[in-house]
Amino acid sequence: MSDITILDLNWVGRPHSIASALLESGGHHAIIDPGPESTYATLREHLHSRGLSPAQLDAVLLTHIHLDHAGASGSLVRENPRLAVYVHNLGAPHVIDPSRLLASAARLWPNTLHQLFGETLPVPKENLRILEGGETLTLGTRKLEVAYTPGHASHHVSYFDAAEEIAFVGDTTGIRIDNGPYILPATPPPDISLEIWENSFAAILARRPSRLFLTHFGYAGNPAEHIDEFRRRLHHWAELAAEVLRSSSDEAQAKQTFVARAQAEMQEQLGAEEADHHAFTAGLDLSFLGLARYLRKRAEAEASA
Ligand SMILES: [Zn+2]
């Protein structure tokens, strides 16, 4: 038996925000991106409804270490000390010791960190399986190829199931809820790079998946078209960020203008309710901060070249 199941973590009571993938094959059970600790109870309920428990999981595969993807890893290991947690080399230190990750998250969400993400526990070093990209993992009868796909984060990897033609891309190809009409960039600080991102698109397309699995949220069809449209939106948002930074008196005002304009654009395409859900899932202000940082770094590099 080989199964892939979407688990809707119903993040802060919002369905279709964060999707985990449960991979079962030949008695092996793995989860790609277990989500934040705040939805750990929901994850456990999903497992129970399938006759499973955290203790029966064999592996957790992280696309990257942001709290909405990876925060529950430490809690899973506490309950299941034999659990293997796969993570990219550059992300590993922050999974072993999340204090810096949590300190920067506390700056980004000063009032809502705990409500959004719960309590992020460290993962003991012995549980980690360090990835660089290029590995092929054997999970029961399933083979998963790992590719290094930075852009959204410098330590981001994607997982490819060649037999099923599915690419588990985390946040590398943006946010698109239920294959909907709008693809939205998520560009939080500190690692955004449009140039590096391009190589990751190529790495995904080279493997010719027929579907993408997005953490936010679910499957997207026609990967080539999806990525073309995502690239267009990403560059459009970078230009929008540059434009509001030029025309605003300070970064706080620029952020406000960026969020208002991005929201208006989304409302036009999606209607108010869906636009609000997309904006919540993505964090528009974070996306602005990430793009502003990227533009600043790029300008500095150009000035010193
Ligand atoms: Zn995410």
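Just so you know, ligand 1 is whichever comes first in the structure, and atom 1 is the first atom listed for that ligand. Reckoned from all heavy atoms, side chains included, excluding hydrogens, waters and symmetry mates. Only a predicted model underlies this, so the values are computations on that prediction, with no experimental measurement involved.
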Checking T281 against H216: is there a side-chain donor and acceptor pair closer than 3.5 Å?
no
Quick one: do the H277 and H16 side chains pair a donor with an acceptor below 3.5 Å?
no
Is it the case that D191 and H156 place a side-chain donor and acceptor less than 3.5 Å from each other?
no
To the nearest 10°, what's the angle at the Zn ion (ligand 1) between atoms NE2 (H69) and OD2 (D171)?
90°
Closest D68 atom to the Zn ion (ligand 1) [N, O or S only]
OD2
Would you say the rings of W197 and F230 are close, in the sense that their centroids are separated by under 6.0 Å?
yes
Contact check: H66 to the Zn ion (ligand 1), N/O/S below 2.8 Å:
no
